[in-house]
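If you read the sequence from its start, that first residue is 1, and numbering goes on from there. In this text the structure is predicted, and so the values were computed from the model without any measurement.
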Amino acid sequence: MAACVSRVELSVSCRSLLDRDLGSRSDPLCVLLQDAGGGRWAELDRTEKITNCQDPDFCKKLVVDYYFEKVQKLKFGMYDIDNKSFDLNDDDYLGGVECTLGQVVSSSVFTRPLELKQGKPAGKGTIMISAEEIKDTRVVYLEIEAQNLDKKDFLGKSDPFLEFYKQSDAGTWQLVYRSEVVIKNNLNPCWRKFSVPLQTFCGGDFNKPIKVQCADHDSDGSHDLIGTLETTLAQMQTAGAGSLVEYECIHPEKKQKKKNYKNSGIIRIKSCKIETEYSFLDYVMGGCQINFTVAVDFTASNGDPKSPDSLHYISPDGINEYLIAIWSVGSVVQDYDTDKLFPAFGFGAQVPPSWQVSHEFALNFNPSNPYCQGIQGIVDAYRQILPQIRLYGPTNFSPIINHVARFAAHSLQQGTAAQYFILLIITDGEITDLDQTRQAIVNASKLPMSIIIVGVGEADFKAMEFLDGDNGVLKSVTGEPAARDIIQFVPFRQFKNAPREALSQMVLAEVPKQLVSYYKWQGWPPLKLPEIKAM
């Protein structure tokens, strides 16, 4: 693995994007892809979607590892987003540009015309990209409220939101944060606590001018300015412990026109704190071990393994969907585990010699030592056990989740960021013990573990999507909410014709965030603190 020289964040703006929506303007989003070889591109990051806008300044920065010794080919793609699905294939393409990261970092602002394909311009659309090295892992946390804001809507009060800008060395203002939640119909709003990386917020300079803009949100994108103020992080930091920092929100035109104009409201900083935020790599490089466990569904609904119709049927070239999922995910995770010994289990089968149904039997038939040597060891154990068991049922997830949770709970006694557990469950469909599984997940959400579910076959995976919790917080039957989102569900059929790394990238995308969020929640730093916080 090459040493990462540094990380850079890319700020993206576009002008004169194509208009693909009837009756309104496009809702653009920018996706960043990296050349994965063989004509394939892998997604690295994407911005937020901006509604009704042909000249977007994206707030979310695109973060990429920068390797001086590599030619890193990148593709920036603009899409008009008209639905909630993550997949961009069903969204209108507004144009893109291919370049190298070296070209971007060596330009103060990298500007290019957008193209629909090689040599075909996307109207007059252009893209502007600027890069900034991430040297600082501190984060600014802010709580802000306002009072007596101007009323901007004819039939109601204003719907205020905030934008923060930092001043660049050239004197221009660059957007660094836009409040996500628009507070409807309220002239005295209190915004949700939010955070911005210190590097993004002010480049680490506590005295760099910061402009705050308060505007009234309009769904057609023509937001009305309520007022602005200028400050610095140093000034805002004096807030807290009961003392608020107050600013008058001034509308420049009103101030010029009206003699008795006072202000358009008061903005108050309730608290402003700076904390160090550790990354996934900080924890891994600091000595955190990632423990990987696999659980395979051997219920009868998979079909007889001897029949070519069965999901457990091993094709002449030696594979099936279960094996591909084990290889794809395991080959990435194994790099983070020093002993390369992985416990592997099956569930939902009748197991010799008693032929009782078991929901957590060792694939190697050795319950006291269920560890397989490397991913190849799991694959070998799976192939050997298939002819020796009878596929049965029901499909119970809770026993294996509770099994791994016991190990995760035991590791908690160390009180350090030393062990994290990933459970990969590969299943063909409907879950029988949904209520018990919900409780098991809620319990596990308080432990250092993540659960990945890969659904194989053509079944309806509604229950899995429900467990994933992307549409709201998962709750147990008694109403207890999960402490954090620890489930990632992916249906294998979406990746049937994709390169193998696409499945692992999608399945493992959430794990670094889940690991970091857990240790942050516990207040645990990495075992060994990074000596240089520049990476």
Side-chain angles (χ1 to χ4, degrees), residues 11 13 48 50-53 55-60 140-168 170-196 200-203 205-240 243-273:
S11 300
S13 297
E48 79 278 20
I50 297 182
T51 308
N52 281 330
C53 187
D55 301 321
D57 295 314
F58 294 103
C59 178
K60 183 184 178 304
V140 183
Y141 286 85
L142 282 160
E143 286 183 85
I144 297 180
E145 64 183 18
Q147 223 176 7
N148 301 326
L149 294 176
D150 281 357
K151 178 175 173 293
K152 287 287 183 182
D153 290 346
F154 178 64
L155 292 171
K157 299 170 184 171
S158 296
D159 307 323
F161 69 99
L162 296 175
E163 288 183 329
F164 285 73
Y165 296 81
K166 71 177 173 191
Q167 196 168 41
S168 71
T172 56
W173 293 104
Q174 186 181 28
L175 180 67
V176 295
Y177 176 78
R178 179 186 292 121
S179 60
E180 288 175 46
V181 181
V182 173
I183 299 179
K184 295 281 186 188
N185 230 14
N186 194 333
L187 302 180
N188 301 292
C190 184
W191 286 277
R192 223 167 43 190
K193 183 178 181 180
F194 64 91
S195 63
V196 186
T200 304
F201 195 73
C202 61
D205 180 353
F206 285 53
N207 294 308
K208 186 186 277 282
I210 301 286
K211 181 167 79 172
V212 185
Q213 197 161 286
C214 183
D216 169 36
H217 185 274
D218 285 325
S219 56
D220 66 1
S222 62
H223 314 307
D224 300 316
L225 179 68
I226 293 173
T228 64
L229 63 96
E230 276 192 41
T231 181
T232 64
L233 183 56
Q235 285 174 4
M236 288 193 278
Q237 269 191 293
T238 58
S243 69
L244 304 176
V245 179
E246 291 195 351
Y247 300 92
E248 287 188 302
C249 192
I250 303 295
H251 192 294
E253 288 176 24
K254 283 190 177 180
K255 191 180 179 184
Q256 264 187 334
K257 288 177 185 172
K258 295 184 181 177
K259 280 188 177 173
N260 58 349
Y261 174 77
K262 198 173 175 195
N263 59 52
S264 294
I266 301 291
I267 304 270
R268 289 181 176 150
I269 314 293
K270 289 165 70 180
S271 90
C272 175
K273 291 182 182 151

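When atom types are taken as modelled, the side chain of Tyr247 and the backbone of Ile250 share no donor-acceptor pair closer than 3.5 angstrom. Of the possible polar contacts, none joining the His217 side chain to the Pro160 backbone as a donor-acceptor pair under 3.5 Å is found. Between the side chain of Tyr177 and the main chain of Thr200, no donor-acceptor pair closer than 3.5 Å is present. Counting only distance, with no hydrogens or angles, the side chain of Ser179 and the backbone of Leu162 share a donor-acceptor pair below 3.5 Å. Looking at Asp216, its side chain never comes within 3.5 Å of a backbone N or O of Ile226 through a donor-acceptor pair. The backbone N or O of His223 sits nowhere less than 3.5 Å from a side-chain atom of Asp218 that would complete a donor-acceptor pair. Not one N or O on the side chain of Lys193 forms a donor-acceptor pair closer than 3.5 Å with the backbone of Tyr141.
Side-chain contact between Ile269 and Leu244 is absent, with no heavy atoms from C-beta onward closer than 4.5 Å. Side-chain atoms of Glu143 and Lys273, non-hydrogen and from C-beta on, never get closer than 4.5 Å to each other. Residues Ile266 and Glu248 meet the side-chain proximity criterion, which asks for heavy atoms closer than 4.5 Å. Proximity of Leu175 to Ser13: side-chain heavy atoms (C-beta onward) are nowhere separated by under 4.5 Å. Using a 4.5 Å heavy-atom threshold, the side chains of Trp173 and Pro209 count as touching. At least one side-chain heavy atom of Cys272 sits less than 4.5 Å from a side-chain heavy atom of Val140. A 4.5 Å side-chain heavy-atom check between Gln174 and Thr172 finds every atom pair outside the cut-off. Side-chain contact between Glu48 and Phe58 is present, with heavy atoms from C-beta onward closer than 4.5 Å.
Summarising the geometry of Lys270 relative to Cys190, their closest heavy-atom pair is NZ-SG, 3.4 Å, with the distance given to 0.1 Å. Nearest heavy-atom pair, Lys255 versus Tyr261, reported as atom, atom and distance to 0.1 Å: CA-CD2, 3.5 Å. Contact detail for Cys202 and Leu233: the closest heavy-atom pair is SG-CD2, 3.9 Å. Taking both residues in full, the closest heavy atoms of Thr238 and Ser243 are given as O-OG, 3.4 Å, listed atom of the first, atom of the second, then distance.
The aromatic rings of Phe164 and Phe201 lie tilted to each other, with the angle between the two planes from 30° to 60°.
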Under the side-chain contact (heavy atoms from CB on, under 4.5 Å) criterion, do Arg178 and Ile50 qualify, and how do the steps go? CA-CA 11 Å; Arg178 179 186 292 121; Ile50 297 182; 3.9 Å; yes
Would you please test Asn148 and Asn188 for side-chain contact (heavy atoms from CB on, under 4.5 Å) and show each step? CA-CA 6 Å; Asn148 301 326; Asn188 301 292; 3.7 Å; yes
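The line from CH2 of Trp191 to CG of Leu142 is 12.0 Å long, rounded to the nearest 0.5 Å. Atoms SG and CD, on Cys249 and Gln213 in that order, are 9.0 Å from each other to the nearest 0.5 Å. Distance check, rounded to the nearest 0.5 Å: CG of Asp159 to CG of Asp224 gives 10.0 Å. Rounding to the nearest 0.5 Å gives a distance of 5.5 Å between CD1 of Ile210 and CE of Met236.
Salt bridge Lys211/Glu230: absent, no basic N to carboxylate O contact under 4.0 Å.
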